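Just follow the structure's listing: the first ligand is 1, and inside any ligand the first atom is 1. As the structure is a computational prediction, the values presented were derived from the model and not from experiment.
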Amino acid sequence: MKQDSIISIKDLRLVYPTEDGEQVALDGITLEIVRGSFMSVIGRNGSGKSTLAKCLNALLLPTEGSVIIDGMDTREESHLWEIRRSAGMVFQNPDNQLVSAVVEDDVAFGPENLGLPREEIKRRVADALEAVDMTESRKMAPHLLSGGQKQRVAIAGVVAMKPEIIIFDEPTAMLDPEGRGEVLEIARQLHREGITVILITHFMEETIESDRILIMDAGRIVLDGLPAEIYREAERLEALGLRLPFAVEIAQRLRAEGVPLHADLLRPEELLEEIAALCP
Ligand code: ADP
Ligand code: MG
């Protein structure tokens, strides 16, 4: 059976005009993303990740090629608002996404723009705040919250639009480890509830739980596979300026020293269990 693609990208090129000519940001991307999947995108700065993200919700239109979101071509102007609703974006800096003086008003902003009935808006705001565990802070001013809490409010604002897809563009880059963990856990929870998640990150550690990892370099996809497949390409990753997840790197080094660990250990707990089992 053919798997159901929610995103279909064909021969996508994106060229920015610049003062002294042009900058090619995406150079021939062809990609199908399965509905309900969790995909991580990683690559060094300037590799085209944010540009790709912006192409997915029609903030940018292809210079060449096409981007189809749930059957809608991003070049069709009549689809613009439905594409923006169905493919929500969470950016690196939550301060740029929060617009109101009170948390719950901020979350209501999107649904209000959809012109929904009051009761429906109230219900969506309550559900979205519950989903990110921010119900207790609903009357607070966003600027008094921690970075992680602000990011959770920004996510609630997207969730309240009932999107099919959420694209997280380095959502943890400005957060402390605790905030990072919370935001990632919310992304995983939304995925379990059926939302297609695209997580752009520069922490390889954050890609472990994904169904698929895409590695970008200079506007192209250079690796595409399951986490275990990607992590086997240690030399390739190093050349791309990427580090392996901690447990994977330790396991590979131990194996190189002759310790009989099984292949494709991904998580610290798995590594610990294997090592403990080897000890007399
Ligand atoms: P990433 O998110 O992986 O760091 P970007 O998508 O932001 O990469 O950038 C890809 C390339 O496009 C880079 O070379 C960057 O300098 C360039 N670029 C991004 N935005 C613009 C812009 N508005 N105008 C010109 N060049 C841009
Ligand atoms: Mg970026």
Counting only nitrogen or oxygen atoms and a 3.5 angstrom limit, does [X] reach ligand 1?
X: Gln23; value: yes
X: Pro17; value: no
X: Val24; value: no

Just which atoms of ligand 1 are under 4.0 Å from any heavy atom in [X]?
X: Asn45; value: 4 (O)
X: Ala25; value: 10 (C), 11 (C), 12 (O)
X: Ser50; value: 1 (P), 2 (O), 6 (O), 7 (O)
X: Arg44; value: 3 (O)

**Message:** Could you check whether atom 3 (O) of ligand 1 has a protein contact, counting only heavy atoms that fall below 4.0 angstrom?
**Reply:** yes
**Item:** Sub-4.0 Å protein heavy atom near atom 27 (C) of ligand 1
**Value:** yes
**Asked** Can Arg152 and Gln149 be said to form a side chain to side chain donor-acceptor pair (under 3.5 Å), step by step?
**Response** CA-CA 5 Å; Arg152 280 149 61 191; Gln149 289 173 321; over 6 Å; no
**Request:** Among all protein heavy atoms, pick the one closest to atom 18 (N) of ligand 1 and tell me residue, atom and distance.
**Result:** Tyr16 CE1, 3.4 Å
**Request:** Do me a favour and list the nearest non-hydrogen protein atom to atom 5 (P) of ligand 1 with residue, atom name and distance?
**Result:** Thr51 OG1, 3.6 Å
**Asked** Should Asp169 and Lys54 count as an ion pair when the cut-off is N to O under 4.0 Å?
**Response** no
**Item:** Glu164 and Arg85 ion-paired at < 4.0 Å
**Value:** yes
Can you tell me if [atom1] on [X] sees more than 12 non-hydrogen neighbours from other groups inside 6.0 Å?
X: Gln189; atom1: CD; value: yes
X: Arg75; atom1: CZ; value: yes
X: Arg253; atom1: CZ; value: no

**Message:** When you measure from the heavy atoms of Gly48 to every atom of ligand 1, does any distance fall below 4.0 Å?
**Reply:** yes
**Message:** Restricting to N/O/S atoms, is Thr51 within less than 2.8 Å of the Mg ion (ligand 2) or not?
**Reply:** no
**Prompt:** Is Arg212 positioned over the aromatic face of Phe38, cation under 6.0 angstrom from the ring centre and no more than 45 degrees off axis?
**Reply:** no
**Item:** Verdict with reasoning, Thr51 to Tyr16, per side chain to side chain donor-acceptor pair (under 3.5 Å)
**Value:** CA-CA 10 Å; Thr51 303; Tyr16 291 106; 2.8 Å; yes
